[in-house]
Asks: 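Below is one structure. I have some questions about it.
Scope of the values below: all heavy atoms of this structure, side chains included, with no hydrogens, waters or symmetry mates. Labels below follow one simple rule: chain letters A, B, ... track the order of the sequence lines, proteins then strands, and each chain is numbered from 1.
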Amino acid sequence: MDKYIPQEIEKKWQKQWEEQDVYHTEADPSRPKYYALEMFPYPSGNLHMGHVRNYSIGDVVARFHAMSGYNVLHPMGFDSFGMPAENAAIKHGVKPSDWTYSNIENMIRQQKEMGLSYDWDRKVLTCREDYYRWTQWLFELFYKRGLAYKKKATVNWCDTCGTVLANEQVIDGKCWRCDSKVEKKALSQWFLKITDYADELLADLDKLEGWPERVKTMQRNWIGRSEGLEFELPIEGMDEKISVYTTRPDTAYGITFVALAAEHEIIDKLCENNPRAEAIHAFIKKVQDQSDVERTSEASEKEGIFTGVYAINPFNGNKVQLWVTNYVLADYGTGAVMGVPSGDTRDWMFAKKYDLPIILTLQPKDKELKLEEMDTAYVEHEGRLVNSEQFTGMDMHEALHAIIDYAEEKGFGKRKVNYRLRDWLISRQRYWGAPIPVINCPHCGEVLVPEEDLPVKLPEDVSFEQGVVSPLANSESFVHCKCPKCGADATRETDTMDTFICSSWYFLRYTDPHNTELPFAKDKVNYWAPVDQYIGGIEHAILHLLYSRFFTKVLRDAGLLDFDEPFTRLLTQGMVIKDGSKMSKSKGNVVSPEEIIGKYGADTARLFILFAAPVDRDLEWSDQGVEGAYRFLGRVWRIMLHFADAIKAGQDDYDVKALDKEEKELRRQLHIAIKKVTNDVKDRFMFNTAISTLMELVNDLYKFQNRELNAGLAHETASALLRLMAPFTPHITEELWHRLGFAGSVHQQSWPTYDEDATKASTIEVVLQINGKVRDKVTIDAGLSREAMQDVVMQLPRAKELTEGKTIVKVICVPKKLVNIVVK
RNA sequence: GCCGGUGUGGUGGAAUUGGCAGACACAGCAGACUCAAAAUCUGCCGCCGUCAAAAGCGUGCCGGUUCAAGUCCGGCCACCGGCACCA
């Protein structure tokens, strides 16, 4: 008998599928569509196991839906702008484009070796002119809609990367890519106004039922919406007011000071003719010399300096001190905070340190607080107000709203919603990215490059050297240009866009990848998108997934598409772990996909990775586990060929009544397996249990290896088994499909269906329980009534023995499952 | 601190609606085949106990609801992830 040699059959079928273009897709409004998408990779040069896992999952989803009758879009591309290409240029003197394209070529070869069902004709590379032209076009669309603007701001600077970073790209004060410490710099940079969409980005998370809870939670945290009151305190002796924001207006009668951020603009005015001015400026300098990390760390002490100036609490007319502090954030709320020591832990500590007064305004129900006995603030959201004039005695929640109403009525405050989310900084001082299509004219100011002049191409006369910031600024041919409006000599923007812009719309481009008139045609995008199932790593929970949602909403408002959310369902796969930690070169625990595929074949690699753990959990790599997957495929191979004659002789239509008892049971297991695998793949994404079901079915088939098997049943079983396995292991199933005489490609067959009646057994096993403990089992006729079943079980010797001399309190009978006798 | 997730044999994991805990696989042990080995096929495999059985124990911990709890409720613990001086 032929041996299973994956290397031969995989090559053969990959070639044939490619030649016959079997994965080509066209939009077809008469058919239901399914868009399955894996996050496109950065072209680092080689696939790693995380990729293999990602694509294996996606391929099962895509192939399953294709077999289930959907018109499936399953594309692949490369997120091919970015720093590593530039680093390669600096280190090895290769052009970023050459480095990138050769990496892409190698990775596509590896992806093809996996046997993935991509429509390669739709390949999207973000670094190609035919793509970044539309990235620039979209930037201009944002600009025209008032959503792209340039401003001078304190931004995050990574010196190692020689560029700025978005807030989302700063993780624990460090650069998301190179892990080096992020500094603050004041620069004029481009931003996208994602905050305009904060409310919708938050609210629509509730619509995303197919998203993991933790991803939605992360986005909620990141957006950080809060509701409260913004109100003004007049400054004593000056014609100025200071605005503060609070989520606890119910504590407003307890204000004893106001804390200002060191950067607050009113400080200059407060310092005029102020004997303390010098000390105040010295304090501010000290604060600003601290890094962001130091400043915001839990450990750093809250410090401040009294300005000598007082503000008036508009609620009760109290005089309160104005302090400059190191703990109030300049860019959140108003940059000034009301200080209520009795109701806020930080304010309490601050007041204790500088001996500021404390007023209690809230009493809990179950105990009575006394200021002199308290050693921290009372921060619970529960209780009744005290010392709060007309609001005294009111419940805290009621008072919160009543006090806002009062402030609005009196005209010194208003309801306000604040967000933690900041606008998206998109300028990057790097070469290998999409140039920002703006020209700076000495007369006209900032001017968009006319649409017909797009793309603004990356120049070739660029030298890459260590430490050079903004390579484009050093390119003569790039910088100098004419103003499109007035024709005067002008200069170009020399920053490129954050690569997260490129990846915020690539999934839309797949729907119409060759369009030269628009980024995508509306009918095509509306047919294919939104993505039905998106699959990728949790590391993109905020960055890419939030940005893509933002883009989708803006493009909807611009009329380019008709849906609100880009990804209907999201699956965040777990990491691939070896010896307890993520595979990485530095840890030396990397297993190369190429090696595994070379040794065992792609089918084994895919099967193992899908079987070893549920898709959303981390997966511990096991060489022995891979062996096990390979063994299973060998078992399938042998048992299928063992029954080859019967399978070929059998027909789709055969006399099921002619089957003997064992054969009937095999057929029953087959139909149970079809039901279970379908359910696991379609609704639950439980590929590990789907595969275990297939293994059980194969085990059942082995019970027949030393006896005859009905040809009709052999045929039915092989046909269904190969189709059930096809999405997981596309090559071996295709090979066996042909060898066993089935027509066409297994991948173009319809998904097997099951006969509910065929899954039913004629006899069932029921359990005898005494006081909830299993004491015996008995096989009964499946057709027995509840009463008859109970009688049979009650008559069991074990039942009699164990109830003898005891009182039967109760008998619970669960049809077809168990009888529980409760005795005393 | 707030939010989310996870916790089951030697190991990865299963148990979908409260109804036989441990499917499937890895590792291990044994048998068949073989001169032998590999490969393959078959069987055993939670702990304790027993010649074998029975009984008992067992899903992070404590308690509760229920005839019945891995699953529901209350209270903890540990680990992982996110947010955090956001007023």
Asks: A:Tyr419 and A:Tyr332: aromatic ring centres closer than 6.0 Å?
Replies: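 Aromatic pair excluded; centres sit 6.0 Å or further apart.
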Asks: Does A:Arg422 have a side-chain nitrogen or oxygen under 4.0 Å from the phosphate oxygens OP1 or OP2 of B:rC86?
Replies: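 Answer is no, no contact under 4.0 Å.
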Asks: Please check the phosphate of B:rC41 (OP1 and OP2 only) for any side-chain N or O of A:Arg638 closer than 4.0 Å.
Replies: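 Indeed, a polar side-chain atom of A:Arg638 lies that close.
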Asks: Could you identify the nucleotide paired to B:rG46, looking across every strand shown and requiring Watson-Crick or G-U wobble geometry with both distances under 3.5 Å?
Replies: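 Paired with B:rG46, as far as the under-3.5 Å criterion goes, is B:rC57.
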Asks: Below 30° counts as parallel, above 60° as perpendicular, anything between as tilted: where do the rings of A:His397 and A:His381 land?
Replies: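 A:His397 vs A:His381 ring planes: tilted.
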Asks: Looking at B:rC67, does its base get a donor-acceptor pair with the side chain of A:Asn820 below 3.5 Å?
Replies: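 Side chain to base: pair found, below 3.5 Å.
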Asks: Looking at B:rG5, B:rC24, B:rC20, which one has an atom nearest to any side-chain atom of A:Glu213?
Replies: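 Out of B:rG5, B:rC24, B:rC20, the nucleotide with an atom closest to A:Glu213's side chain is B:rG5.
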Asks: Roughly, in whole Å, what's the span from CZ in A:Arg220 to P in B:rG4?
Replies: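 After rounding, the reported distance stands at 9 Å.
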Asks: A:Ala613 has a side chain; which of B:rC20, B:rG13, B:rC85 sits nearest to it?
Replies: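 The answer is B:rG13.
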Asks: More 5' along RNA chain B: A:Asn688 or A:Arg248, using each one's nearest nucleotide?
Replies: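 Per heavy-atom nearest nucleotide, the more 5' residue is A:Asn688.
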Asks: Taking the minimum atom-to-atom distance to the side chain of A:Glu696, which one of B:rU16, B:rA25, B:rA23 wins?
Replies: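 Nearest to the side-chain atoms of A:Glu696, counting from C-beta on, is B:rA23.
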Asks: Is A:Val767 touching bases, backbone alone, or none of the nucleic acid, heavy atoms closer than 4.0 Å?
Replies: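 Since a base atom lies under 4.0 Å of A:Val767, the category is base.
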Asks: Does A:Arg798 place a side-chain N or O at less than 4.0 Å from the phosphate oxygens OP1/OP2 of B:rA55?
Replies: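 Answer yes for this pair, as a side-chain N or O of A:Arg798 is under 4.0 Å from OP1 or OP2.
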Asks: Distance check needed: B:rC85 C1' versus A:Asp344 CG, whole Å only.
Replies: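 Taking atom C1' of B:rC85 as the reference, CG of A:Asp344 is at 9 Å.
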Asks: Describe the nucleic acid contact of A:Lys416 in one word from base, sugar-phosphate, nothing, applying a heavy-atom distance below 4.0 Å.
Replies: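 Nothing: the residue A:Lys416, judged by heavy atoms under 4.0 Å, touches no strand.
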Asks: Report the distance from atom OH of A:Tyr702 to atom P of B:rG43, rounded to the nearest whole Å.
Replies: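 A:Tyr702 atom OH is separated from B:rG43 atom P by 13 Å.
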Asks: Between A:Ser226 and B:rA87, is there a side-chain N or O to OP1/OP2 distance below 4.0 Å?
Replies: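 Yes, such a contact exists.
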Asks: Whole Å only: how far is the CD1 atom of A:Ile812 from the C1' atom of B:rG18?
Replies: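 Those two atoms, CD1 and C1', are 13 Å apart.
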Asks: By nearest atom, which of the nucleotides B:rC85, B:rA27, B:rA25 is closest to the A:Gln624 side chain?
Replies: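 Minimum distance to the A:Gln624 side chain belongs to B:rA27.
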Asks: So A:Val814, base contact, sugar-phosphate only, or nothing? Heavy-atom distance under 4.0 Å.
Replies: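 Counting heavy atoms under 4.0 Å across all strands, the contact made by A:Val814 includes a base.
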Asks: Less than 4.0 angstrom between a side-chain N/O of A:Arg214 and OP1 or OP2 of B:rC83, yes or no?
Replies: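 Looking at the OP1 and OP2 atoms of B:rC83, neither is under 4.0 Å from any side-chain N or O of A:Arg214.
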Asks: Side chain of A:Asn221 only, heavy atoms from C-beta on: which candidate in B:rG7, B:rC83, B:rU16 is closest?
Replies: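 Of the candidates, B:rC83 comes closest.
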Asks: Heavy atoms under 4.0 Å, any strand shown: does A:Pro614 hit a base, just sugar-phosphate, or nothing?
Replies: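 Contact class for A:Pro614: sugar-phosphate only.
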Asks: Under 3.5 Å, is there a donor-acceptor pair linking the side chains of A:Arg638 and A:Gln705?
Replies: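 No pair is found: no donor N or O on one side chain lies under 3.5 Å from an acceptor on the other.
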Asks: Is a side-chain donor-acceptor pair under 3.5 Å present for A:Tyr245 with A:Ser226?
Replies: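 Present: a donor and an acceptor within the cut-off.
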Asks: Tell me what A:Gln705 touches on the nucleic acid: a base, only sugar-phosphate, or nothing, going by heavy atoms under 4.0 Å.
Replies: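 Result for A:Gln705 = sugar-phosphate.
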Asks: Could you work out which one of B:rG7, B:rA15, B:rC85 sits closest to the side chain of A:Arg617?
Replies: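 That would be B:rG7.
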Asks: What is the distance, rounded to the nearest whole Å, between atom OH of A:Tyr630 and atom P of B:rA39?
Replies: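 Answer to the nearest Å: 12 Å.
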Asks: Is A:Val328 touching bases, backbone alone, or none of the nucleic acid, heavy atoms closer than 4.0 Å?
Replies: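 Answer is base: heavy atoms of A:Val328 come under 4.0 Å of a base.
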Asks: Measure the distance from CD1 on A:Ile821 to P on B:rA68 and round it to the nearest whole Å.
Replies: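 My rounded result for the distance is 15 Å.
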Asks: Hey, is the side chain of A:Lys703 pairing donor to acceptor with the base of B:rU42 inside 3.5 Å?
Replies: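 Counting by modelled atom types and ignoring angles, no donor-acceptor contact under 3.5 Å is found here.
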Asks: Separation of A:Trp176 atom CH2 from B:rG81 atom P, in whole Å?
Replies: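 Answer to the nearest Å: 19 Å.
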Asks: Please report, rounded to the nearest Å, how far the C1' atom of B:rA54 is from the CG atom of A:Leu802.
Replies: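 So the CG-C1' distance, A:Leu802 to B:rA54, works out to 11 Å.
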Asks: Counting only distance, no hydrogens or angles, is the base of B:rC85 paired donor-acceptor with the side chain of A:Lys302 under 3.5 Å?
Replies: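 Counting by modelled atom types and ignoring angles, a donor-acceptor contact under 3.5 Å is found here.
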Asks: What's the closest nucleotide to the side chain of A:Asp680 if the choices are B:rA55, B:rA27, B:rU16?
Replies: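 Closest nucleotide to the A:Asp680 side chain: B:rU16.
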Asks: Could you check A:Asn706 against A:Ala336 and say which one's nearest nucleotide on RNA chain B is further toward the 5' end?
Replies: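 Going by which nucleotide is closer to the 5' end, it is A:Asn706.
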Asks: Taking only N and O in the side chain of A:Arg631, is any of them less than 4.0 Å away from OP1 or OP2 of B:rA27?
Replies: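 Yes, because at least one side-chain N or O of A:Arg631 sits under 4.0 Å from OP1 or OP2 of B:rA27.
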Asks: Does B:rA87 have its OP1 or OP2 closer than 4.0 Å to a side-chain nitrogen or oxygen of A:Tyr332?
Replies: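 So the side chain of A:Tyr332 is within the cut-off, an N or O lying under 4.0 Å from OP1 or OP2 of B:rA87.
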Asks: Does A:Arg635 put a side-chain nitrogen or oxygen below 4.0 Å from OP1 or OP2 of B:rC41?
Replies: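 Yes, A:Arg635 has a side-chain N/O under 4.0 Å of OP1/OP2 on B:rC41.
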